[in-house]
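Here's the structure we're looking at; comments come further down.
In this text the structure is predicted, and so the values were computed from the model without any measurement. Every chain is numbered from 1 and lettered A, B, ... according to where its sequence line falls, protein lines coming before strand lines.
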Amino acid sequence: MDRSDDREPLVEIEGLRKHFDQSQGIIDTVLGREPQPVRAVDGVSLDIYRGDTVGIAGESGCGKTTLGKLLVKLYEATEGSIRFDGRDITELTREDEREFRKRVQMIFQDPFESLNPRMTVYDTVSEPLKINDMVGGYDERRARVKQVLEDVGLGPAEVYLDAFPDELSGGERQRVAVARALVVDPDFVVCDEPVSMLDVSIRAGVLNLMKDLQAEYDLTYLFISHDLSLIRYMCDRAGIMYLGDLVEQGPTDDVIDDPKHPYTEALFDAVPDVELGAERRRANATGEVPSPRNPPSGCRYHPRCAHIIPPDGWTGSQEAFRRAYQFKLRLRRGELDAEAAREEAGEPAEALVEQGLTLDVPEEYRSEAEIESGGHRVDVGSLDLPGDARRALTEAAEAVLGGEPDAAVDAVDDVVTTRCETEAPEPLPSGTRKVACHRYDDDRLEGIGTDDGGLSAATAED
Amino acid sequence: MTLLDVNDLSIRYAVDDGSAVHASDGVDFSVERGETYGLVGESGCGKTTLAKSLVHLLDDNGYIERGEVWFDTTLPQWADENGDPEQSVIDDPDKPVRADGKTNLAALSNKQIRDVRWRDIAIIPQSAMNALNPVYKVGDQIVEAILRHEPETTAEAADDRARDLLERVGIEPERADDYAHQFSGGMKQRAVIAMAMACGPDLLIADEPTTALDVIIQDRILEELETLQEEFGVSILVISHDISVMAEICDRMAVMYGGKVMEAGPKEEIFERTANPYTLGLKNSFPTITATDQELVSIPGTPPTLRDPDDGCRFRDRCPFAVEECHASHPPMYDVEAAESTGRVTETTDDRAHRSACYRIGELDRLRTDAVNESTWTDQTIESR
């Protein structure tokens, strides 16, 4: 699809948040504990243009399905606005809302669950027509249903009209679900993992059908998937979601071929490829996704990030800083194992520093000492760690061994600092896309959004 | 050396009305020591059934109709001091032991197979995320497995080993005292892998080992499996529908469809010199992350139900290349290399060779050229209902 700048966006999302309250138990209430809501969608801004297919990719629990449901008004937003065709969907009158429901539809993930087993295909597909008072007589309605069924490849329609879902295969069921969405002739369809429950050999048929129907029905899609190869196949533009927010968005090919955000990079590195012989880099990310109930401050990805930014005046390497930061995180979480350090040969404080500086990453990113020790120790001498940082780490390690965890945290707090932890990055334009990462802040300041922004520079630095 | 040699294995599930589901039908394959062998196919093709049947873990209505599962092990009661079978056992026609030291697992009783499970063959189950007992400490579950299969071990030694195993898969040893709900998804998966390795098995059966995981964690688990294999020389039989995962980790693989092996051989051969219409179709329908502007083509129709199937080729209803003989009987496995180099169509029983079950193996060039055209697949009329 051509993207001309004078096109009006069909959907404008601005600062959208959806928090799910955790129901509090009586003990929490008595003790006066603050409720900690799950921040499923947390500050998403995105424009969707007419005729585009916009992909939302992310790992499970990143909030992509919640985002989809917000867009079709299955959930009310906690904060922020969604404008559909220029109008805020939270402020629709009854009449306008009816209109909105006709123009926006959703296709759900599992066609084995989303179809009522007691309704025939005809009942299922014609129901939206009845609800919306769209087509008057029975004959007319039946004709409309037939036509849509044939459009979605269920022809001749007579064969399917009176069938129940259990008589249909997975691919046929999902086509019925597509027909149900399209029967009201919508403008915008949210597709939530539409093929993930289907067998591989059948998937392509449904995907191609959706592409064909897009032209025929003049549709705009939001395509939600965890499968990045599907996003690449289907979407013009893609947004990468992490813990409730988009970290990067832009034309799909650009985002995939040259990822700018460190999370996007890790995500694409992690995808195995059928191309044989091509040596794949593994994903350079530590740990797992934190809980959306208590997401990290600043940039949400910073505890896992390979390119975390050292403070001004850091004289060591970026890798040394990343390790020092991991030390600090372990310290805070109380994960440093003083017992193990005491059992090691040599100075316990030294051993604890070596333990805390390890990185939980694939082998290709580990240092030699780490590989030899099975990931439990590093050789501090080989790291480019500035003297003051090293002293602070040792001091902290001694405090831990002395049983004073708070003093230990204080010891490193001022030395090992990063703006990734303190400031949340805004999504800023960088080249063809928007990236929410402090490493591209300077692009904006200097007005250069070149393709090889800071990522390659930082990689060389490693 | 061959570790596992599956011979003409057929497994059925009995159905109330007297019919049977032929979940696996005349399957041949073999796994060498230290290699990773993949069973790939869509849901319902029989790949999980096949793997479970190796250690008698079928559901109640499932049974082995015929075939043998030769595995390089000897039950403790039949072994001499070197662990090899005693001559009297080999000579005894009632005992399923071969002269080369292999035992036919399919012929063992349910009691006997327990000595094989975990000690020789361990399973990483599908949805390993839910495979841990929520009310036992993770470490204790590993200890339990060790003590059951190696009763001579002391509880203390078993506990040490459990912690060592956890550490080996990247979990801090003190986490052995935690419960499963205190583990993250990736850690649960690692713990299940550690548990499977507890008794030093020769074969690890990994059933969809990464399907429920996010890609970054999947990436780490795949690395973990690779490392284990290097370290312990364990063979891995991995079952997955994800072709890209298979392409990455397998040495050899078998493509299954409707209970039959359609194509088998070294991974490179299967991907680069594909010799079966089903595999060709599967390749067409699979999106890749690197390719731009690809056109996906699906295979029309749906997989067969396998309830008392007829004699014809299982894939023929969806196959654009089907000919007269495909309806009469399912094709035997043909030698692909012989067909390609000499044009001769010869059946093969060699499990190691690249083989394909298709009558039109002699016209491979034509099949390959036609299969990339979308119209080849879309033009055929399929009776879908």
Side-chain angles (χ1 to χ4, degrees), chain A residues 58-62 154 159-160 163 167-172 199-208 226-230 232-234 253 256-257 263 266-278 280 282-283 285 287-289 304 335 337 339-340 360-364 374-376, chain B residues 41-45 167-168 170 172-174 184-187 212-220 222-223 226-227 241-249 257 267-268 271-272 278 281-292 294-303 318 374 378 384-385:
Chain A
E59 299 181 272
S60 55
C62 73
L154 295 176
V159 187
Y160 292 93
E167 298 169 59
L168 305 177
S169 69
E172 288 171 329
D199 269 327
V200 182
S201 69
I202 296 165
R203 272 183 196 186
V206 174
L207 292 175
N208 289 340
H226 70 285
D227 187 333
L228 298 160
S229 19
L230 287 184
R232 169 147 230 179
Y233 184 63
M234 288 299 288
D253 287 345
I256 292 178
D257 291 334
Y263 175 66
L267 204 57
F268 288 111
D269 279 348
V271 180
D273 194 10
V274 288
E275 288 302 313
L276 295 172
R280 179 169 74 85
R282 290 200 182 273
E288 296 186 29
V289 187
R304 307 178 68 193
E335 281 178 3
D337 186 356
E339 283 307 307
D360 172 27
V361 285
E363 195 170 300
E364 59 195 274
H376 297 294
Chain B
E42 299 174 83
S43 55
C45 74
E167 191 169 4
R168 203 68 65 88
E172 284 151 39
E174 59 267 32
S184 68
M187 285 168 69
L213 300 175
D214 284 323
V215 281
I216 293 182
I217 304 304
Q218 162 178 300
D219 192 40
R220 299 297 299 279
L222 294 180
E223 187 192 32
E226 252 171 47
T227 320
H241 69 280
D242 191 331
I243 299 170
S244 47
V245 168
M246 289 302 206
E248 185 159 305
I249 61 177
Y257 183 79
K267 165 180 79 182
E268 292 78 13
F271 278 99
E272 279 156 19
Y278 176 61
L282 213 51
K283 272 172 71 183
N284 277 342
S285 57
F286 203 79
T288 69
I289 187 84
T290 39
T292 44
Q294 39 179 351
E295 272 306 317
L296 297 186
V297 185
S298 68
I299 306 175
T302 50
R318 302 172 73 188
E374 189 178 349
T378 48
S384 52
R385 295 192 73 228

| query | Can you tell which of B:L282, B:T288, B:D242 has the highest number of heavy-atom pairs within less than 4.5 Å of chain A? | reply | B:T288
| Side-chain heavy-atom pair B:T302, A:E172 within 4.5 angstrom cut-off | no
| Residues that B:E223 engages under salt bridge (charged side-chain N to carboxylate O under 4.0 Å, His left out), provided they are two or more places apart | B:R220
| query | Most heavy-atom pairs under 4.5 angstrom with chain B, which of A:G205, A:G287, A:A340? | reply | A:G205
| query | For A:D199, is it the side chain, the backbone, both, or neither that has a heavy atom closer than 4.5 Å to a heavy atom of chain B? | reply | both
| query | With no hydrogens and no angle check, is any side-chain donor or acceptor of B:D214 less than 3.5 Å from a backbone partner on A:E59? | reply | no
| remark: Looking only at B:G170, B:P173, B:S43, B:G44, most heavy-atom pairs under 4.5 Å shared with chain A are made by B:S43
| task | Select one option (side chain, backbone, both, neither) describing which atoms of A:D360 are under 4.5 Å from chain B's heavy atoms. | result | both
| task | Could you look at B:V245 and say if it's the side chain, the backbone, both or neither that has a heavy atom under 4.5 Å from chain A? | result | both
| request: Quick one: which of A:L230, A:V361, A:D253 has the most heavy-atom pairs under 4.5 Å with chain B, could you say? | output: A:V361
| task | Side chain from CB out, backbone as N, CA, C, O: work out which of these in A:L228 comes under 4.5 Å of a heavy atom of chain B, or both, or neither. | result | both
| request: Check whether any side-chain heavy atom of A:D337 lies under 4.5 Å from a side-chain heavy atom of B:E172, and answer yes or no. | output: no
| task | Mind listing the closest non-hydrogen atom pair of B:G185 and A:E288 along with its distance? | result | N-OE1, 3.8 Å
| field | Under 4.5 Å from any heavy atom of chain B - which part of A:R232 | value | side chain
| request: Let me know if B:E42 has heavy atoms under 4.5 Å from chain A in its side chain, its backbone, both or neither. | output: both
| task | Specify the closest pair of heavy atoms between B:L296 and A:Y233, including all atoms of both residues, with the distance to one decimal. | result | N-OH, 3.0 Å
| field | Residue B:E174 versus chain A: region with a heavy atom under 4.5 Å | value | side chain
| Under a 4.5 Å heavy-atom cutoff, which of A:D227, A:L207, A:L267 has the most pairs with chain B? | A:L267
| remark: dist A:I256:CD1 -> B:I289:CD1 (nearest 0.5 Å) comes out at 4.5 Å
| Measuring from A:S201:OG to B:N284:CG, what's the distance to the nearest 0.5 Å? | 11.5 Å
| message | Using side-chain heavy atoms (C-beta onward) and a distance below 4.5 Å, is B:P287 in contact with A:M234? | response | no
| remark: For A:E335, the salt bridge (charged side-chain N to carboxylate O under 4.0 Å, His left out) test, sequence neighbours excluded, returns A:R333
| field | Portion of B:P303 that has a non-hydrogen atom of chain A nearer than 4.5 angstrom | value | side chain
| message | Counting only non-hydrogen atoms closer than 4.5 Å, does A:E363 touch chain B with its backbone (N, CA, C, O), its side chain (CB onward), both, or neither? | response | both
| message | So which atom in B:I216 and which in A:R304 form the shortest heavy-atom distance, rounded to 0.1 Å? | response | CG2-NH2, 3.7 Å
| remark: Counting heavy-atom pairs under 4.5 angstrom with chain B, the leader among A:R203, A:H226, A:R282 is A:R282
